[in-house]
Amino acid sequence: MSLENQILFFFSALGVFNGFLASFYLLFFKKKNRLPNYFLGLLILMLSIRIGKSVYMTFNAERVFLYLQIGLSACFMIGVMLYYYLKASLAKVKTVPRSWWLHITGLVFFILLVGIIRPYENYPEFWRPYFTRFIYLVWGIYVVASGFLLKDILRTFFSRKTKSTTAQLWLLLVFASNAVIYIAYNVGIYRWYIGGALSFSFALYVIIFFLIFKKNRDAIFKEEREKYGAKKIDEKEAGEMLKKLSDVMLEEELYKNPNVKLKQVADAVGISPHRLSQLLNDNFGKSFALFINEHRIEEAKRLLRENDQYTLEAIGFEAGFSSKSTFYATFKKLIGKTPAEFRR
């Protein structure tokens, strides 16, 4: 084997080895696994088997047809694993729906049945090129379908107004890597077959580099926590807490402080900031900022009715707003009129 081939073999084989390690980790060793992680593990496993077949064919003169058949069978499942990984991630699916089971099981049964009825060793003319082309066609269909799943994320990625999240960038990276490998194999069939294996190795190392940072790993692999761990506060307790909160706001007028924080109000009420936030969000459907602004607007309305001599800007500051523009925008949003229209 020439030095050039030795280098190519090293990088492509190393990618396969690392792919198997990554897939086994996601499937069997990762604690508190999420459903998308299992699909990702299966996706990497199918790719590793397929790439392993390419490395074997390129650098081994002896043909073991069983290896070729296993590699192509795994190739048949790459697209569907990509599709369901993206779908499970986007929809935050926790258990596999029955329709998914039927779909995946049907494809597995089909490829196994073909392999039993028409094994590669006895029917090479069936597998090459006809059935192999069909396998690549199926893979390509799922790649296109996966792209449609990501259309909203793609719009966000190319938009200048909105920044993509780490999780969105990860899904785009996984999709793009698979698309590149698919294209490399289709081009490589006619030109440079080992290109698919090398593209897999390159994509795998890009992904590993992306995962070096802990915040990226947490955003991708960990289950997103529920906003509040405890169950919804019951109506009686919520009513008592709300009365105390209203009394505090009325007596201490904390909303008049433009820089008032959640902790300050929670301390005044005698509950934790988490509990106050849960009360407002879960039981009354509003954020802390909206709750404070509602009190400020009520104060502004009172001043507009009772004080003709105050300027609108002065009323906004007196009510607790930090700027004239914020006062006008919030008033218009909550009341449906500008402060001047309300005064008139």
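All heavy atoms count here, side chains included; hydrogens, waters and symmetry mates do not.
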Exercise. Is the backbone of L242 close enough, under 3.5 Å, to the side chain of S246 for a donor and an acceptor to pair up by distance?
Worked result: yes
Exercise. Taking S23 for the side chain and F20 for the main chain, is one N or O donor matched with an acceptor at less than 3.5 Å?
Worked result: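 Between the backbone of F20 and the side chain of S23 there is a qualifying donor-acceptor contact (under 3.5 Å).
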Exercise. Salt bridge (charged side-chain N to carboxylate O under 4.0 Å, His left out): which pairs involve residues 111-126, sequence neighbours left out?
Worked result: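 Sorted pair list comes back empty.
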If you define the side chain from C-beta out and look only at heavy atoms, does anything of [X] sit under 4.5 Å from [Y]?
X	Y	answer
V138	V80	no
L42	Y85	no
L245	V265	yes
I153	L169	no

Exercise. Between atom CZ of F291 and atom CG of N281, what is the distance when rounded to the nearest 0.5 Å?
Worked result: 12.0 Å
For this session: Look up atom CD in E306 and atom CZ in R302, then write down how far apart they are to the nearest 0.5 Å.
Result: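 Rounded to the nearest 0.5 Å, the CD-CZ separation comes to 5.0 Å.
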[Y] reachable from [X] in the ILVMFWY side-chain graph, under 4.5 Å edges:
X	Y	result
V96	L149	yes
L279	L250	no
W101	M46	yes
Y25	M81	yes
V144	F157	no

For the pair [X] and [Y], name the ring-plane relationship: parallel under 30°, tilted 30 to 60°, perpendicular over 60°.
X	Y	answer
F76	F131	parallel
Y136	Y182	tilted
F24	F28	tilted

Looking at [X] and [Y], what are the two nearest heavy atoms and their distance?
X	Y	answer
N257	R296	O-NH2, 3.0 Å
M77	V108	CE-CG2, 3.7 Å
L26	I44	CD1-CD1, 4.0 Å
L82	L43	N-CD1, 3.9 Å
F331	P339	CD2-N, 3.7 Å
T326	S323	OG1-OG, 2.7 Å

Under-4.0 Å salt bridge between [X] and [Y]:
X	Y	answer
D152	R155	yes
E240	K243	no
K256	E253	yes

For this session: Establish, yes or no, whether a centroid distance under 6.0 Å links the rings of F65 and Y120.
Result: yes
For this session: Answer yes or no: does atom CZ of R98 have more than 12 heavy-atom neighbours from other residues, nucleotides or ligands under 6.0 Å?
Result: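 12 or below, so no.
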Exercise. Does atom NZ of K286 have more than 12 heavy-atom neighbours, drawn from other residues, nucleotides or ligands, at distances under 6.0 Å?
Worked result: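 Enclosed: over 12 neighbouring heavy atoms sit under 6.0 Å from NZ of K286.
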Exercise. Can you name the residues that form a salt bridge (Lys or Arg N to Asp or Glu O under 4.0 Å) with E313, not counting sequence neighbours?
Worked result: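 Expected list: none.
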For this session: Would you verify whether the NZ or CZ of K324 falls within 45 degrees of the ring axis of Y328 while also being under 6.0 Å from that six-membered ring's centre?
Result: yes
